[in-house]
Amino acid sequence: MAPALKNRTLWTALAAAAAFAFLVAMVISGALPEQRQLVKFEAKGVMKLEPDRISRVELQQNERKTVLLRTPDGGWATQGGNALSAEMVKKLSLAVQFMNTAGPIRVMEPEELAGTKPRDFGLDQPRLTFKLFADEKPVLGARFGAHNSEGMAQYMMLDGHNELFLMSRFVGGEWESVAGGVLAK
């Protein structure tokens, strides 16, 4: 065997032995390697409660209203007991999740809003209003207004807050999709 081939074989065997030793050390210590390229998830939404703790949703669009209740199997049904379709359950679950995960693009403090009216943001007659509950305890109430001038974001106000939130349009869009599916009936 040529000396260069012997060296390459020796280095390959040493590298394999080192990798095996590393794996054995990990198994013995119980430690997993840290993935530094991955960013740890942090909920940046306006709702701090875990989305699966929401058990009741009160939804209103114009004069139409409904109450949705989480079923024991993790689905959703109207207060009258009509189960939502799998597609509507998915949309509602995603809309609730967005309140926990999708942070505002901008938060406008009351001082910035001086001299403006709710009408300026489409909040005098909101496009959609909802309240989220964990058991019987109210967690979050929100009103979605108009889209911004670029059409990429939507104004939102939270019950009990004086700030105006500018949210990505997909957040309000998901809620409007749910409303279109459950209030149309």
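The first residue in the sequence is number 1, and the count goes up from there.
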Rounded to the nearest 0.5 Å, what separates atom [atom1] in [X] from atom [atom2] in [Y]?
X	Y	atom1	atom2	answer
Ser177	Leu128	OG	CG	11.0 Å
Ser85	Lys91	OG	NZ	9.0 Å
Asp159	Arg143	CG	CZ	5.5 Å
Ile105	Gln154	CD1	CD	10.5 Å
Ile54	Leu69	CD1	CG	12.5 Å
Thr66	Glu58	OG1	CD	10.0 Å

### Query
More than 12 foreign heavy atoms under 6.0 Å from CD of Glu109: is that the case here?
yes
### Task
With sequence neighbours excluded, tell me which residues meet side chain to side chain contact (heavy atoms under 4.5 Å, CB included) with Glu150.
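In terms of side chain to side chain contact (heavy atoms under 4.5 Å, CB included), with neighbours along the sequence ignored, Glu150 is linked to Asn148, Met152.
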### Task
Kindly write out the residues that satisfy side chain to side chain contact (heavy atoms under 4.5 Å, CB included) with Thr71, not counting sequence neighbours, or none if the list is empty.
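Applying side chain to side chain contact (heavy atoms under 4.5 Å, CB included) to Thr71 gives Asp73, Ala77.
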Measure across [X] and [Y] and return the closest heavy-atom pair with its distance rounded to 0.1 Å.
X	Y	value
Glu112	Met108	OE2-CA, 3.4 Å
Pro110	Asn162	CG-CB, 3.5 Å
Ala102	Val171	CB-CG2, 3.7 Å

### Query
Is there a donor-acceptor pair under 3.5 Å between the side chain of Arg169 and the backbone N or O of Gly151?
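Pair found, side chain donor or acceptor close to backbone of Gly151.
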### Polar side-chain atom of Asp120 near backbone of Lys117 as donor-acceptor pair, under 3.5 Å
yes
### Side-chain heavy-atom pair Val182, Thr78 within 4.5 angstrom cut-off
no
### Query
Are Leu94 and Trp175 close enough that some pair of their side-chain heavy atoms sits under 4.5 Å apart?
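Answer no - side chains too far apart.
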### Set of residues satisfying ring pair (Phe, Tyr, Trp, His ring centres under 6.0 Å) with respect to Phe165, sequence neighbours excluded
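Residues passing ring pair (Phe, Tyr, Trp, His ring centres under 6.0 Å) with Phe165: none at all.
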### Query
With Arg70, which residues qualify under salt bridge (Lys or Arg N to Asp or Glu O under 4.0 Å), at least two apart?
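With sequence neighbours excluded, Arg70 shows a salt bridge (Lys or Arg N to Asp or Glu O under 4.0 Å) to no residue whatsoever.
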### Partner residues of Glu163 under the salt bridge (Lys or Arg N to Asp or Glu O under 4.0 Å) criterion, sequence neighbours left out
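Counting only residues at least two positions away or on another chain, Glu163 forms no salt bridge (Lys or Arg N to Asp or Glu O under 4.0 Å).
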### Task
Evaluate side-chain contact (heavy atoms from CB on, under 4.5 Å) for Met156 paired with Met99, printing each intermediate quantity in order.
CA-CA 11 Å; Met156 179 184 79; Met99 300 315 294; 3.9 Å; yes
### Task
Just do the side-chain contact (heavy atoms from CB on, under 4.5 Å) check on Arg56 and Gln79 with the steps written out, would you?
CA-CA 9 Å; Arg56 176 185 173 107; Gln79 193 169 30; 3.9 Å; yes
Cut-off 3.5 Å, no hydrogens considered: what does the side-chain donor-acceptor table look like for residues 45-53, sequence neighbours left out?
from, atom 1, to, atom 2, distance (Å)
Lys48, NZ, Gly45, O, 2.9

### Task
List the steps, then state whether side-chain contact (heavy atoms from CB on, under 4.5 Å) holds for Val57 with Val67.
CA-CA 6 Å; Val57 176; Val67 175; over 6 Å; no
Any chain of hydrophobic side-chain contacts (each under 4.5 Å) joining [X] to [Y]?
X	Y	value
Val178	Phe170	yes
Phe144	Leu158	yes
Phe130	Met88	yes
Leu183	Trp76	yes
Phe133	Leu59	no

